[in-house]
Number of protein chains: 2
Amino acid sequence: MIEIDAFDLKMLAALQDDGRLTNQQLADLVGLSASQCSRRRMRLEEEKVISGYHADLAGEALDFGLIAFIHITLATHSPDNAKRFRELVNRVDDIQDAYALTGDADYLLKVILRDLKSLSDIINNVLMPHQSVAHVRSSIVLDRLKESAKLPLKTLG
Amino acid sequence: MIEIDAFDLKMLAALQDDGRLTNQQLADLVGLSASQCSRRRMRLEEEKVISGYHADLAGEALDFGLIAFIHITLATHSPDNAKRFRELVNRVDDIQDAYALTGDADYLLKVILRDLKSLSDIINNVLMPHQSVAHVRSSIVLDRLKESAKLPLKTLG
DNA sequence: CATTTCATGCATGGATTGTGCATGATCATG
DNA sequence: CATGATCATGCACAATCCATGCATGAAATG
């Protein structure tokens with residue numbers, strides 16, 4: 001495993017907050033020179049500790065008003081069936097996140113959509129008819145309390 | 001609502017994929033000059049269509065090996081109770097996402113943790129004892145099929 | 001047609017980036 | 001203790017990038 005020191009941690013936390021910080025800004029924040037921050041950042045990127053940088057878009061401003069969670073139970077637990085389902089998940093862009101879970105449901109999907117009609121569409125025309133799927137249960141998001149996508153790095157070092 | 005044309009959409013999609021794209025790279029991708037991309041990007045940031053830029057960190061490399069979803073039912077639906085619960089959610093860094101849902105459970109939390117002991121901790125020492133909480137049910141993530149955090153912009157324009 | 005408005009590309013001074021290089025700290029070994 | 005190897009660091013600098021002023025041309029307005 002790659003060695004990560006206190007400087008790296010500070011840099012990671014800072015870049016998690018603002019992914020477009022310049023090396024100089026980073027340097028001022030963590031107490032190193034800009035060149036050193038450049039070198040460390042490149043190392044963290046190469047080692048895939050930083051897997052990428054992304055702009056965070058406001059869904060509301062782009063007419064994505066609806067988030068929903070969909071619990072899926074597969075028809076059978078055969079490898080073939082799981083594979084078919086994974087291909088479905090990868091194909092459908094509306095599915096933002098997908099997890100295999102312990103508990104009563106096999107998979108949990110998070111979808112982001114324009115409206116209830118789109119949700120109805122995806123459930124009735126995409127998920128339900130798919131041969132791998134046995135049961136579907138959806139929950140609509142009424143309110144988004146928190147959506148940080150950040151690792152709680154403070155609990156480290 | 002802010003006007004968004006095809007150039008903007010292309011830029012947003014590109015920056016969603018790579019938040020550190022240069023104005024020149026952006027220009028090559030969308031077919032404008034770099035200066036124009038700079039201006040458009042600034043506008044999209046000011047209008048909060050782009051709400052921020054974030055480095056995406058690899059949890060595994062930083063010893064965050066466990067993701068879990070926790071369904072919460074509140075003790076009562078009083079405003080006071082909901083407020084107390086929201087404060088709890090905001091205070092606890094391990095809670096990455098939190099949503100109020102339709103359906104049987106009131107809230108869905110996504111937590112990212114080091115191990116099962118941490119999960120046990122947060123359930124038994126943070127959530128269960130809290131006066132606002134009546135019922136807790138957790139599901140552990142066995143596999144992460146997809147975690148894009150991206151809007152499906154292709155379905156637009 | 002005349003005027004206004006506005007998005008655009010170009011030019012440019014100032015900031016940013018990555019890399020070569022010398023320095024100093026740390027550490028293992030004789 | 002002395003020596004040498006290793007490595008992170010800061011500085012210097014050339015290449016690149018950024019934001020802004022400015023002129024142009026297209027579209028809208030009267």
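Chain A is the first sequence line, chain B the second, and so forth, proteins listed ahead of strands; every chain is numbered from 1. All figures in this text were calculated on a predicted structure; none of them were measured in a lab.
A donor-acceptor pair under 3.5 Å is formed between the side chain of A:Q16 and the backbone N or O of A:L151. B:D5 places a side-chain N or O within donor-acceptor distance of the main-chain N or O of B:F7, the cut-off being under 3.5 Å.
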Starting from the C-alpha separation in whole Å, work towards a yes-or-no answer on side-chain hydrogen bond (donor to acceptor under 3.5 Å, both in side chains) for B:Q96 and B:K110.
CA-CA 6 Å; B:Q96 218 179 42; B:K110 180 183 167 207; 3.1 Å; yes
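When the P atom of D:dA8 is taken as reference, atom CG of A:D5 falls 9 Å away, rounded to whole Å. Atom-to-atom, CG of B:D28 to P of C:dG9 comes out at 12 Å; the value is rounded to the nearest Å. Atom-to-atom, CZ of A:R39 to P of D:dT9 comes out at 9 Å; the value is rounded to the nearest Å. Atom P of nucleotide D:dA19 and atom CG of B:L44 are separated by 13 Å, given to the nearest angstrom. Atoms CZ (B:F7) and P (C:dG9) sit 8 Å apart, rounded to a whole Å. With rounding to whole Å, A:E3 atom CD is found 19 Å from D:dT6 atom P. Whole-Å rounding puts the A:Q25 CD to C:dA15 C1' distance at 11 Å. The CD-P distance, from B:Q24 to C:dC10, rounds to 10 Å in whole Å.
Nearest-nucleotide positions on DNA chain C place B:L32 closer to the 5' end than the other of A:Q36 and B:L32.
No hydrogens or angles considered: a donor-acceptor pair under 3.5 Å links the side chains of B:D115 and B:S118.
Each of C:dT19, D:dG21, C:dT16 was ranked by its minimum atom distance to the side chain of A:T22; first place goes to C:dT16. Distances from the side chain of A:R41 to the nucleotides D:dT20, C:dG18, D:dT9 place C:dG18 closest.
At D:dC17, none of the side-chain N or O atoms of B:N23 fall inside 4.0 Å of OP1 or OP2 (strictly under the cut-off).
At a threshold of 4.0 angstrom between heavy atoms, the contacts of A:S35 include nucleobase atoms, whether or not backbone atoms are also involved. Note on B:R20: only backbone sugar-phosphate atoms sit closer than 4.0 angstrom, heavy atoms only; bases stay farther off. Among the heavy atoms of the strands lying under 4.0 Å from A:R40 are primed sugar atoms or P, OP1, OP2 only; no base atom is included.
Between A:D8 and A:R43 there is a salt bridge, with a side-chain nitrogen of the basic residue lying less than 4.0 Å from a carboxylate oxygen of the acidic one.
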